[in-house]
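One structure is given below, encoded as structure tokens.
Each residue takes its place number in the sequence, starting with 1. Below, all heavy atoms of this structure are taken into account, side chains as well, without hydrogens, waters or symmetry copies.
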Amino acid sequence: MLLSRPVLWYDCGKMKTIDIHTHGIGGYDTHTKDPEEILAMASIHGSSDVSAIVPTIYSGTLEEMRSQLATIKRAMEAQAEHRSSDAGAAVILGAHLEGPFLNPIRAGALDPATFIEPGEYPLRSLVEGFEDVIKIITVAPELSGGPELITRCAKAGISVSMGHTDATFHEAEAGFHHGAKGITHFMNAARPFHQREPGIIGFGLLNPHIFVELIADPFHLHPRSIELVFRLKDPSKIMIVSDTVKETPVMVRDRRKEAIIDGNGALKGGSMTVTEAAQRLMSLDFDKDAVTRAAGTNQAVYLG
């Protein structure tokens, strides 16, 4: 039985949810120069009662990623100026960079050809001028220069999440001590747990201070794996994310029956919004208060 926590976040009887990891939904994604597509993403998420989103940029060239950051910034400005015209849309809080400082061994659905070694110059080239937009960056801590890059990002006020990583327990711990606050889509695109090397999964379960993202659709994690996280982690450190992509359909009632896969049959993205995933966990008898926190309150704390 999961422990209930007293801190809840409701809005007019509904859960208030924040999605810090969404690439796209309903035919739109962040790989665009058109801010209207980002605004459409926000509107679609809002129609699923998601209160706020952090649009997530795929790993790409520095030029491509900067172009997409500029698009998100323009969408944020347009939304702030015309908020009343789409009051039901999710608020765009900033951007999450999923790359390019990632490990090709654990590329998952991302293109490993776009991954680069961490360094001060490429980091500066990526973030300069967008310090007010970038909220999160995912980094593989085991890469040469990774810990130092994590420190630079943390000092700049960017929340660092460790992901697409082959980190050992010690390397994940080092990333944490250098300033990493979270783990991207926990248990996915990461070194598996092993009895002689628990890796980043073991670290995430045992460290009481690290946040973990969970893709809580029916395809990325077995329900017992999700239960393991909720049993071992402080409920204030769990964050449900959607990891939705352009191909994720809008408001399809049987969405939970369909995995979003690529041409090779591998999982490409999430199949549910954060709100839908939270409702799914509640239907599986997960503690309502813990799930509510994991759907929004914890993300607000993580983003500071």
Between Met272 and Pro218, is there a side-chain heavy-atom distance shorter than 4.5 Å? yes
Glu148 bridged to Arg152 by N-O distance under 4.0 Å: no
Which pair of non-hydrogen atoms, one from Leu93 and one from Met76, has the smallest distance, and what is that distance? O-CE, 3.6 Å
In this structure, CD1 of Ile238 is separated from CZ of Arg293 (nearest 0.5 Å) by 10.0 Å
How about OH on Tyr28, more than 12 heavy atoms from neighbouring residues, nucleotides or ligands closer than 6.0 Å, or not? no
Assess, by modelled atom type and distance only, whether the side chains of Thr168 and Glu171 contain a donor and an acceptor separated by less than 3.5 Å. yes
Checking His21 side chain against Val241 main chain: does a donor-acceptor pair fall under 3.5 Å? no
Quick check against the 3.5 Å criterion: does Asn298 have a side-chain atom that pairs as donor or acceptor with the backbone of Pro235? yes
Any chance CD of Glu128 has more than 12 other-residue heavy atoms, nucleotides or ligands included, within less than 6.0 Å? no
Can you see which heavy atom on Cys153 is nearest to which on Leu123, and at what distance? SG-CD1, 3.8 Å
Check this for me: does any side-chain nitrogen of one of Arg280 and Glu276 sit under 4.0 Å from a carboxylate oxygen of the other? no
Please report the closest heavy-atom contact between Thr248 and Gly270, naming both atoms and the distance. OG1-O, 2.8 Å
Side chain to side chain contact (heavy atoms under 4.5 Å, CB included) partner of Leu214, the single match among Ile183, Val229, Asn188: Val229
For residues Ala294 and Phe230, report the shortest heavy-atom separation together with the two atoms involved. CB-CZ, 4.3 Å
Just checking, any donor-acceptor pair under 3.5 angstrom between side chains of Asp34 and Thr32? no
Checking side chain to side chain donor-acceptor pair (under 3.5 Å) for the pair Thr17/Thr275: CA distance, chi angles, key distance, verdict? CA-CA 7 Å; Thr17 59; Thr275 305; 3.2 Å; yes
What's the separation between atom CD1 in Ile57 and atom CD in Gln68, rounded to the nearest 0.5 Å? 5.5 Å
Between Leu205 and Phe186, is a side-chain contact (heavy atoms from CB on, under 4.5 Å) present by the stated rule, with each step listed? CA-CA 10 Å; Leu205 291 173; Phe186 190 54; 3.9 Å; yes
Just do the side-chain contact (heavy atoms from CB on, under 4.5 Å) check on Asn207 and Glu173 with the steps written out, would you? CA-CA 9 Å; Asn207 184 286; Glu173 188 173 48; 5.8 Å; no
How long is the span from the CG atom in Leu62 to the OG atom in Ser125, to the nearest 0.5 Å? 6.0 Å
Do Ile25 and Lys246 pass the side-chain contact (heavy atoms from CB on, under 4.5 Å) test, and can you show the C-alpha distance, the side-chain angles, and the key distance before you say yes or no? CA-CA 4 Å; Ile25 192 169; Lys246 191 172 188 175; over 6 Å; no
Have His23 and Glu98 got a donor and an acceptor in their side chains that come within less than 3.5 Å? yes
Residue pairs passing the ring-ring contact (aromatic ring centres under 6.0 Å, His included) test with at least one member in residues 131-173, sequence neighbours excluded, are His164-His185, Phe169-Phe203
If every non-hydrogen atom of Gly94 is compared with every non-hydrogen atom of Pro55, which pair is closest and at what distance? O-CD, 3.0 Å
If I take atom NZ from residue Lys16 and atom CG from residue Asp49, how far apart are they, to the nearest 0.5 angstrom? 11.0 Å
Is a donor on one side and an acceptor on the other found under 3.5 Å between the side chain of Ser48 and the backbone of Ile44? no
With a 4.5 Å cut-off on side-chain heavy atoms, are Lys135 and Ser159 touching? no
Using a 3.5 Å distance criterion without hydrogens, assess whether the side chain of Gln79 forms a donor-acceptor pair with backbone atoms of Ile92. yes
Answer yes or no: is there a side-chain heavy-atom contact under 4.5 Å between Ile38 and Thr30? yes
Any side-chain donor near an acceptor of the partner, Thr165 and Glu142, under 3.5 Å: yes
Check: Lys181 side chain, Tyr302 main-chain N or O, donor-acceptor pair, under 3.5 Å: yes
Under 3.5 Å donor-acceptor, Glu197 side chain and His194 backbone: no
Starting from Leu143, can I reach Met65 by hopping between I/L/V/M/F/W/Y residues whose side chains sit under 4.5 Å apart? no
Euclidean distance, Ser161 OG relative to Ile137 CD1, rounded to 0.5 Å: 10.5 Å
Report yes or no: do Thr56 and Thr22 form a side-chain donor-acceptor pair below 3.5 Å? no
Inter-residue atom distance Leu39.CG - Ile72.CD1, 0.5 Å rounding: 11.0 Å
Phe115: which other cluster members, linking ILVMFWY side chains closer than 4.5 Å, directly or transitively? Tyr58, Leu102, Leu110, Val245, Ile260
Salt-bridge criterion met for Glu77 and Arg74 (N-O under 4.0 Å): no
Any donor-acceptor N/O pair, Thr244 side chain to Gly24 backbone, under 3.5 Å: yes
For Glu64 and His31: C-alpha separation, side-chain torsions, deciding distance, then whether side chain to side chain donor-acceptor pair (under 3.5 Å) applies. CA-CA 8 Å; Glu64 289 171 338; His31 194 74; 5.2 Å; no
Ignoring hydrogens and angles, tell me if any N or O in the side chain of Lys73 forms a donor-acceptor pair with the backbone of Asp132 under 3.5 Å. no
In the structure I gave you, are the side-chain heavy atoms of Ile116 and Pro100 within less than 4.5 Å of one another anywhere? yes
Steps toward side-chain contact (heavy atoms from CB on, under 4.5 Å) verdict (Ile158, Ile136): CA-CA 5 Å; Ile158 300 171; Ile136 306 168; 5.5 Å; no
Ile201 and Ile105: same hydrophobic cluster, using ILVMFWY side-chain contacts below 4.5 Å? no
Heavy-atom donor-acceptor pair, Asn264 side chain to Ala266 backbone, under 3.5 Å: no
Please answer whether the main-chain N or O of Leu126 pairs with a side-chain N or O of Arg66 as donor and acceptor at a distance below 3.5 Å. yes
Heavy-atom closest contact (Thr138 atom, Met162 atom, distance): CG2-C, 4.3 Å
